[in-house]
Amino acid sequence: MRAPPAPLVPQFDLSGRNTLGLRSRASYGGVLADEGEMIAAAQFADRVGLPFHLLGGGSNCLLAEEIDAVVGIAGARGRRLQRVGGGVRVTARAGETWDDIVRWTVGQGFGGLENLAGIPGTAGAAPIQNIGAFGVELSDVAESVDVIDTEDWTQRRLAAAECGFGYRQSRFKEDPGRFLVTGITLYLPAAWRPVLSHEGLSRGGLSGGASLTGAAQVMGAVLARRGERLPDWRLTGNAGSFFHNPVVPVAAAARIPDVCGHPAPGGVKLPAGKLLDLCGFRGRRRGGAAFSEINALILVNAGGATLRDVDALAARAQDAVRLRFGVDLFQEPSRVGN
């Protein structure tokens, strides 16, 4: 086996690099500081016949205990604001922490990202998942995504329209491995208007029922709501929402009277957490994995969880929801390794 290029090392420990806190190790891995190191790492994987995976903050993935692959951690940092036309353009390299970007833009008086505050992970991972929360998705503000195309190792800039964005979906997710995201460009219009359509924000948002009149206030309300309904991954390991909210035909939704859905392309979007709640999965445990006592949609590491524990508990939940409601739940975090 050929020696890997720096900074890759054999038996790279990933246990502290995934928010669910699963014990994991890759055949080779390292923190990649720039595009050159990304290309070298991916080409090394190709030469030795191993898959290559690029991780950000490890916030939306499930890692196997032993990953027979080369795993790079996106470490390129740098961000910039530029006033253009009627707004501001925000550029960030892949290793920038997403929540830092949100707080940084809001702190300088620019609205547009405040509903996405508190989401763990990096700028490079954000377009892959098309992250979204409280009525806003990354695709609403994305202008372009910088990538390395592994078919010919060229660096390209894809316009947002080329990225195949959908609900928690993108071209990068549909064609895994082809594109390595190296940076993003966002556009925030100067004519800011708060997005308060989500139920969690439309009912006042601040103590005393004060209206949300600025981006900083909206961000504060978003962070408060997240704190109420989501366990802090730094205290209790988790990968965020474990299942997508399913979209079902209108007739199928009408047969589930205890669950309030919302209109969506293709039918009605149902809250997966409510379906799990009604099936009794809040607090349900299997080995070291459990569904949160706070929110049944969040699967947590209750102590020493393995991927086998997670898989078994998730499968049990999917079977229960399918049996009771006739609805299929699809897992949101991606898998790395078998």
Side-chain angles (χ1 to χ4, degrees), residues 32-35 38 54-57 59-60 73-148 155-173 179-196 198 201 212-223 226 240:
L32 310 177
D34 55 36
E35 290 79 359
M38 277 191 195
L54 184 64
L55 296 184
S59 60
N60 193 53
I73 307 298
R77 305 298 294 269
R79 59 193 185 192
R80 186 165 67 101
L81 284 172
Q82 179 186 10
R83 293 180 182 273
V84 290
V88 61
R89 180 172 289 134
V90 181
T91 57
R93 300 183 76 189
E96 284 289 324
T97 300
W98 173 258
D99 191 47
D100 288 348
I101 295 171
V102 176
R103 294 171 187 262
W104 175 60
T105 56
V106 172
Q108 296 191 63
F110 300 110
L113 302 183
E114 58 283 344
N115 292 47
L116 304 177
I119 297 177
T122 59
I128 297 172
Q129 178 73 1
N130 187 22
I131 58 172
F134 296 96
V136 175
E137 294 183 334
L138 182 83
S139 55
D140 295 328
V141 294
E143 185 174 276
S144 62
V145 178
D146 293 334
V147 301
I148 295 167
Q155 297 185 45
R156 299 170 56 190
R157 175 163 289 178
L158 301 177
E162 299 177 89
C163 295
F165 288 128
Y167 171 61
R168 303 298 179 271
Q169 193 58 270
S170 70
R171 179 179 182 180
F172 316 111
K173 199 170 183 179
F179 297 105
L180 307 178
V181 177
T182 62
I184 58 174
T185 300
L186 314 175
Y187 180 76
L188 309 179
W192 173 83
R193 291 183 179 179
V195 177
L196 305 177
H198 191 278
L201 298 177
L212 300 170
T213 58
Q217 287 183 318
V218 175
M219 183 173 73
V222 165
L223 293 171
R226 290 185 68 87

[X] versus [Y]: any side-chain heavy-atom pair under 4.5 Å?
X: Q108; Y: V88; answer: no
X: W104; Y: V90; answer: yes
X: I148; Y: E35; answer: yes
X: F134; Y: V218; answer: no
X: L201; Y: N115; answer: yes

Heavy-atom closest contact ([X] atom, [Y] atom, distance):
X: L54; Y: I73; result: CD1-C, 4.3 Å
X: N130; Y: S139; result: OD1-N, 3.0 Å
X: M38; Y: A74; result: CE-CB, 4.4 Å
X: G135; Y: D140; result: O-OD2, 4.3 Å
X: I184; Y: W98; result: CD1-CZ3, 4.0 Å
X: A92; Y: I101; result: CB-CD1, 3.6 Å

Full working for side-chain hydrogen bond (donor to acceptor under 3.5 Å, both in side chains) between W192 and E114: CA-CA 11 Å; W192 173 83; E114 58 283 344; 2.8 Å; yes
As an exercise, state the distance from [atom1] of [X] to [atom2] of [Y], rounded to the nearest 0.5 Å.
X: L32; Y: L55; atom1: CG; atom2: CG; value: 10.0 Å
X: R83; Y: R89; atom1: CZ; atom2: CZ; value: 13.5 Å
X: T105; Y: D100; atom1: OG1; atom2: CG; value: 10.5 Å
X: L158; Y: D146; atom1: CG; atom2: CG; value: 8.5 Å
X: Q155; Y: L180; atom1: CD; atom2: CG; value: 10.0 Å
X: M219; Y: L113; atom1: CE; atom2: CG; value: 10.5 Å

Evaluation steps, side-chain contact (heavy atoms from CB on, under 4.5 Å), between L138 and L186: CA-CA 9 Å; L138 182 83; L186 314 175; 3.9 Å; yes
Side chain K173, main chain R168, donor-acceptor under 3.5 Å: yes
R157 and E143 ion-paired at < 4.0 Å: no
Worked check of side-chain contact (heavy atoms from CB on, under 4.5 Å) between V145 and F179: CA-CA 10 Å; V145 178; F179 297 105; over 6 Å; no
Evaluation steps, side-chain contact (heavy atoms from CB on, under 4.5 Å), between V136 and H198: CA-CA 9 Å; V136 175; H198 191 278; over 6 Å; no
Derivation and outcome, side-chain contact (heavy atoms from CB on, under 4.5 Å), residues F165 and E137: CA-CA 9 Å; F165 288 128; E137 294 183 334; over 6 Å; no
